[in-house]
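Read the structure below first, then the notes.
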Amino acid sequence: METLLQQLINGLTIGSVYALVALGYTMVYGILGLINFAHGDLVMVGALSALQTMMFLMGVAPGMSPIAMLTLALLVAMPVCMMLGFTMERLAYRRLRNAPRLAPLITAIGMSFLLQTIAMILWGRSYHTFPQLISTTPLQPIAGVFITPVQIAILITSALIMVALILLVTRTRVGRAMRATAENHKVASLMGVDTNAVIAMTFVVGAALAAVAGVMFASNYGIAHYGMGFMPGLKAFTAAVLGGIGNLGGAMLGGITLGLVESFGAGYIEDLSFGFLNSSYQDIFAFIILGLVLIFRPTGLLGERVSDRA
Amino acid sequence: MKNTVVAIAIMGMGVSFAQAQEVVKIGGVAPLTGNISHLGKDLENGSRMALEEANAQGIEIGGKKVKFEFIGEDDQADPRVGTTVAQRLVDQDVKGIVGHLNSGTSIPASRIYDQAGIPMISPASTNPTFTQQGFAGVFRTIANDIQQGTAIGQFSVEKLGAKKLAIIDDRTAYGQGLADETEKAAKAAGAEVVAREFTSNNATDFNAILTKIRAANPDVIFFGGMDAQGGPMLRQLKQLGISAKFITGDGGCSPEMIRLAGDGINENVYCSMPGVPLAKMPGAAAFLERYKARFNADVQVYSPYAYDAANALVKAMQAAGSTDPAKYTPEIKKLNFPGVTGTVSFDDKGDIRGGAVTVYQFKGGDWSAM
């Protein structure tokens, strides 16, 4: 039982990071139909620029409280990623908006390599230790389940951010413009929506979420390096597809589901397959679930049936 | 004008006749770029130093003075680049190879050297397969993973008192091979393997498998993999409240491991390294001094093994009285000389005889030999 609960905590923690990253994929897809493969690398840029800020702060103000330092680091990392997201859209994707679908897709993959290489030049190839400003010492175990303050912080922060994002999209003017643009951006622009600004805004918001996810990821594991965005990016993309790409609630559900499936998969695959499979197949487990969901619900868990746009 | 050119040409010829010595090219391969480039450079320095010293002594082979020329190549720790540079060295007509560093590059490259009939001695590759391919010219001056895994398994049971052992590996040739050997040795010594889990060499989250291991309640956890995974793994062990002892192989026996593990590392953490600690090597003191003087750097890990490997090539050529690989390769098998790391002599397969393994414990902020 305590193992089951512990796997639940493990799954929820990693799942909420996936969910935050998946939101960025799904928002951009919802509006442009573009899969922004460089989104995972924004996670890395967020973590590394936060790390850089922390190193700087530790140098100039060693006595600063950890929470203040973390907040300042986030306040630097988020704008850095937001500017990067904006620049990517402005310089690369906007020019290709009317190009065949493959062109922006390949460009996105190229962007991902570009970001990784630049990060490698700036921060080097080696792994960096990420200061764990929120304690990672587990609290007094409850019923044999260990949870650390940083995990609690991750769960709370991501829940708050998701609620805020939903409010932004459903309750504000900007959100309405986003939904209108997603529906049909020609018509939206005829109705007076500045679709260019809305699309840029979508990239910027997604990038900010990626920055937060990056800092959470690095704080939890205590490491950061230039290739760290790749795996969470891939997993988050899977999560977005699982939940129904283009759907915000779907990305959240998909992220959490994927985290749980991975965690329980690694923990129980051996018992479930009577020792035939073991934990080296934990990723297969996640993809089997994805396959099954897509067979029965091709648009994902929460995806709506969409007709092809003309 | 024309006359000057002729004069210079004649002078040039004169010089080369006067030297009348054979130039022998020795190739050295290691990753000189990338995240283990510091280890690669260390390896290269070791071989370079041995050859420079041989040149300074004015060694004669078969009655002729020879001059060794060192050709260093970078394999980037990448198997594909490894085979490309191997072919390049073969094309340059090298007479012997000191390298490569990683098992993953040494194994594919060894086929190319074997086809060209050139002997290679690796000072660093520990995967058992390397010397088991049936190639006559493949040797190593460092203990292999069978020796290392056996040592870890026995140490876990006899010294750490493991009755229940959990094993994790990263599914690479190195990690998996070492884990298999450790498992074998631990079972033979009477321990029970209560969990065998797997991860990958680019993973950062191990919570799920560690939670599973926690349920099995082992006394000792072994990890076959590199420091980039081992460090975060130690942090997560602490976060999950697991207090079992932890032991890993040479991939985690680095200063990097200590740095990445942060507050997750303590005196319950052990690691093993093939070979003996520098301080216990018979020729270490003099070697360290010369190395420092020549390169103005500290010895990392592999340079003493590379130094012995390069000397093994030179000594085999002297014994055969020839620099022809076909003639001197059989002599490598017969060598028996005191090197920096210990007595250098190879068994039938090409493994170093009596390859030692040392276990280190984390103590006072650093690895200390036990």
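So that the names make sense, note that chain A is the first sequence line, chain B the second, and so on, each numbered from 1. As a basis for the values below, the full set of heavy atoms in this structure was taken, side chains included, without hydrogen atoms, waters or symmetry mates. Note that the structure is a prediction, hence the values are computed from the model and not measured.
- No other option in B:R214, B:E256, B:R196 has as many heavy-atom pairs under 4.5 Å with chain A as B:R214.
- When the candidates B:A228, B:A208, B:S200 are compared by the number of heavy-atom contacts under 4.5 Å with chain A, B:A208 comes out ahead.
- Applying the disulfide (SG to SG under 2.5 Å) test to pairs two or more places apart or on separate chains, none has a residue in residues 164-208 of chain B.
- Inspection of non-hydrogen atoms places A:G144, A:F146, A:T148 of residues 143-159 of chain A under 4.5 Å from chain B.
- A donor-acceptor contact closer than 3.5 angstrom is absent between the side chains of A:T13 and A:N220.
- Using non-hydrogen atoms only and a strict 4.5 Å limit, the part of residues 132-140 of chain A facing chain B consists of A:Q132, A:T136, A:T137, A:P138.
- For B:D263, the part lying near chain A is the side chain, with the backbone staying farther off; criterion is any non-hydrogen pair under 4.5 Å.
- Using a 30° and 60° split on the angle between ring planes, B:F206 and B:F223 fall in the tilted class, from 30° to 60°.
- Under the 4.5 Å side-chain criterion, counting only non-hydrogen atoms from C-beta, B:V301 is in contact with B:M273.
- In this model, no donor atom of one side chain and acceptor atom of the other lie less than 3.5 Å apart for A:Y268 and A:Q7.
- Identified under the disulfide (SG to SG under 2.5 Å) test for residues 177-266 of chain B, with sequence neighbours left out: B:C253-B:C271.
- Heavy-atom distances place no part of B:T199 under 4.5 Å from chain A, backbone and side chain included.
- Residues B:D250 and B:Y174 have side chains that bring a donor and an acceptor to within less than 3.5 angstrom of each other.
- In terms of modelled atom types and a separation under 3.5 Å, the side chain of B:S303 and the main chain of B:L43 share no donor-acceptor contact.
- Between chain B and the residues A:F230, A:Y221, A:F264, A:F130, the largest count of heavy-atom pairs under 4.5 Å involves A:Y221.
- Donor-acceptor pairing under 3.5 Å is recorded for the side chains of B:Y270 and B:Q361.
- Using cut-offs of 30° and 60° on the angle between ring planes, the pair B:F362 and B:W367 is perpendicular.
- The backbone N or O of B:K164 lies less than 3.5 Å from a partner atom in the side chain of B:D219, making a donor-acceptor pair.
- B:T105 contributes no side-chain N or O that, together with a main-chain N or O of B:A77, makes up a donor-acceptor pair within less than 3.5 Å.
- Looking at B:Q236, only its side chain comes within 4.5 Å of chain A, counting heavy atoms on both sides.
- Heavy-atom distances place both the backbone and the side chain of B:R259 under 4.5 Å from chain A.
- Counting only distance, with no hydrogens or angles, the side chain of B:N102 and the backbone of B:G104 share no donor-acceptor pair below 3.5 Å.
- Only the side chain of A:F217 comes within less than 4.5 Å of a heavy atom of chain B; its backbone N, CA, C and O stay farther away.
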